[in-house]
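Only this structure's heavy atoms are used, side chains among them; waters, hydrogens and symmetry mates stay out. All figures in this text were calculated on a predicted structure; none of them were measured in a lab. Each chain gets a letter, A, B and so on, in the order the sequences are listed, and its residues count up from 1.
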Number of protein chains: 2
Amino acid sequence: MPRATLPALHLAPLPASGSGPLYRQVKRELQRLIETGRYTPGDTLPAEGVIAEGLGVSIGTLRRAVDELVHENVLVRRQGRGTFVALHSSDRFLFQFFHVEPRPDPAHDAVPAERELPQVECVGFARAKSDETEAAALRIRTGEPVIRIQNRLSLSGRAVMHDRIVLAAFVFRGLTEKRFRERPSTIYRLYQSDFGLSVLRARERVRAVHASTEVARMLGVSAGCAMLEVHRVALSFGDRPVEYRVSTIHTAAHDYVSTLSKFER
Amino acid sequence: MPRATLPALHLAPLPASGSGPLYRQVKRELQRLIETGRYTPGDTLPAEGVIAEGLGVSIGTLRRAVDELVHENVLVRRQGRGTFVALHSSDRFLFQFFHVEPRPDPAHDAVPAERELPQVECVGFARAKSDETEAAALRIRTGEPVIRIQNRLSLSGRAVMHDRIVLAAFVFRGLTEKRFRERPSTIYRLYQSDFGLSVLRARERVRAVHASTEVARMLGVSAGCAMLEVHRVALSFGDRPVEYRVSTIHTAAHDYVSTLSKFER
DNA sequence: CCCAATTTGTTCGTATGTATA
DNA sequence: TTATACATACGAACAAATTGG
């Protein structure tokens, strides 16, 4: 049976605007096709040979462009199946953005330790006008409507973290507290499935603060306790901001683990 | 003139132990040659064609192996010159491990902001026996001799950070306070030039603490102030631990900036 | 269960471009 | 200028995974 794939080509022989190495031009062209919605998350791309021919480049050149997009989590390749626009629903991706884990016993350094998924409990859902900080993060105008969500996260049954999520209301039109609470999977999966927004990467800034009375009460810590505060802007294709999130973390028995200096092993 | 390159080959046609794709075997072989000191930081590798022939693989296969090592900061390629074992002395690398920057004004989000180099002042240098945590981090036995160094770091003339560096004494044999203070360049550059140790990457764990009276006094903040504490193990080739460092950061006007979710733009 | 078609993964070789000394 | 090195591009052949018949 022929593949269930979109009619494949508006693949002009490549925009004349091209500059730099050919494989970069191809990469930009693929990015453009994704960012403009020509291919959306979950879609199967045409086979390599087809794309290469459609763009008028060799298969090796196309593969190099795809290599880079795979490395940036934009595309996913599966041998024997095809190349897909990334969905980010796998377990691997749950930890792409969840950086908190129990503090290991200093004695056994080598132990990698099984990472645990947090239990999320929604403790607030409200609509409001954005303040200046939120607006700057989401690149909207100050005062534009936003949705503010508060969650309490637990690991091994102990509350360790409070999240305050801010979303542009016009982007998440139709999102209700009920829909949010009853999502079948993760929050970023909800963005994906219900609003077509893929979170590809995030910018995070970390600082230390004293627990507010409100957060202290919610997490069961004493007011004024030293807490970690993580400010995250989640980005989609073309670096479009999707979510602004402020996480407050109780680091008595847990750490924020920085990514391993750019690459993994 | 012929290249100033080491006699080039003990490059057996590849260890029979090989498994997996050929380019991975080549990569492991190159890693082995570096980790065993066959090639040391700053060395020029033989030309691609020479290595490829020596290992009995095509030049494309060799390039793929080198590609990955370049991506992991182990090798550096320069068109027209050659491929080198990484030295990490360039300005770019100063920020590979320095994650603190001024908190931006929320108003201008877009501004990238020039990153500033910290001014480092040594405020302590002592020899001691390692405690359990230090020993685990450096993978030595508890009680083995270590060197403990304390630095105060300033940005724009304001003290914002305190570092406590722990080094295995037998690795840094001959390191004196004078030599440390009078190093011509950065600390990691000193490890490199005087002890042959390249810091390639680091593991970091971040938590919030209250300022100790000692650190509070040194940074001019009130005792009990919420501070960021970063525990870093710096790693060299083969994931060998080189340094254990605990940084205490005053985040009133600065942030710890996490790497951009694995890759850059 | 196996076979055939499809698709990505790996390896090879060659030719040409560009930067450097 | 010339020689050398890495960078880019192309194409071919085969391996490995997947799917459907």
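The side chain of B:Arg63 sits closest to D:dC6 out of D:dA9, D:dC6, C:dT7.
At the phosphate of D:dA5, neither OP1 nor OP2 sits under 4.0 Å from any side-chain N or O atom of B:Arg77. For the pair B:Thr83 and D:dA5, the criterion of a side-chain N or O lying under 4.0 Å from OP1 or OP2 is not met. Contact annotation: B:Tyr23 side-chain N/O to C:dT11 OP1/OP2 distance is not under 4.0 Å.
The aromatic rings of A:His71 and B:His71 sit perpendicular to each other, their planes meeting at more than 60°, with 30° as the lower class boundary.
In this entry the distance linking CZ of A:Arg81 with C1' of D:dT18 reads 8 Å, nearest Å. Spacing between atom CZ of A:Arg64 and atom C1' of D:dA7 amounts to 7 Å, rounded to whole angstrom units. For the pair B:Asp67 CG and C:dT11 P, the interatomic distance rounds to 13 Å; values are reported in whole Å. Atom CG in A:Leu62 sits about 16 Å away from atom P in D:dT8, given to the nearest Å. Remark: P of C:dG9 and CG of A:Leu75 are 11 Å apart, rounded to the nearest angstrom. One interatomic measurement links the two molecules: CD of A:Gln25 to P of D:dC10, which rounds to 10 Å at whole-angstrom precision. Whole-Å rounding puts the A:Glu68 CD to D:dA7 P distance at 13 Å. Remark: P of C:dT11 and NZ of B:Lys27 are 13 Å apart, rounded to the nearest angstrom.
Of the two residues contacting DNA chain D, namely B:Arg78 and A:Arg78, the nearest-nucleotide position lying further toward the 5' end is that of B:Arg78.
No donor-acceptor pair closer than 3.5 Å links the side chain of A:Glu243 to the backbone N or O of A:Val166. Between the side chain of A:Arg205 and the backbone N or O of B:Tyr256, no donor-acceptor pair lies under 3.5 Å. The closest donor-acceptor contact from the side chain of B:Glu68 to the backbone of B:Lys27 lies at 3.5 Å or more, if one exists at all.
Geometric assessment of A:Arg183 against the ring of A:Phe180 yields a positive cation-pi assignment under the 6.0 Å and 45° thresholds. For the pair A:Arg173 and A:Phe170, the NZ or CZ position fails the cation-pi test of under 6.0 Å to the six-membered ring centre and within 45 degrees of the ring normal.
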Between N or O atoms, less than 3.5 Å apart, protein on one side and nucleotides 13-18 of chain C on the other: list the pairs.
from, atom 1, to, atom 2, distance (Å)
C:dG17, N2, B:Gln79, NE2, 3.0
C:dT18, O2, B:Gln79, NE2, 2.9

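Legend: residues meeting ring pair (Phe, Tyr, Trp, His ring centres under 6.0 Å) with A:Tyr191, ordered by chain and number and at least two apart, are A:Phe172, A:Tyr188.
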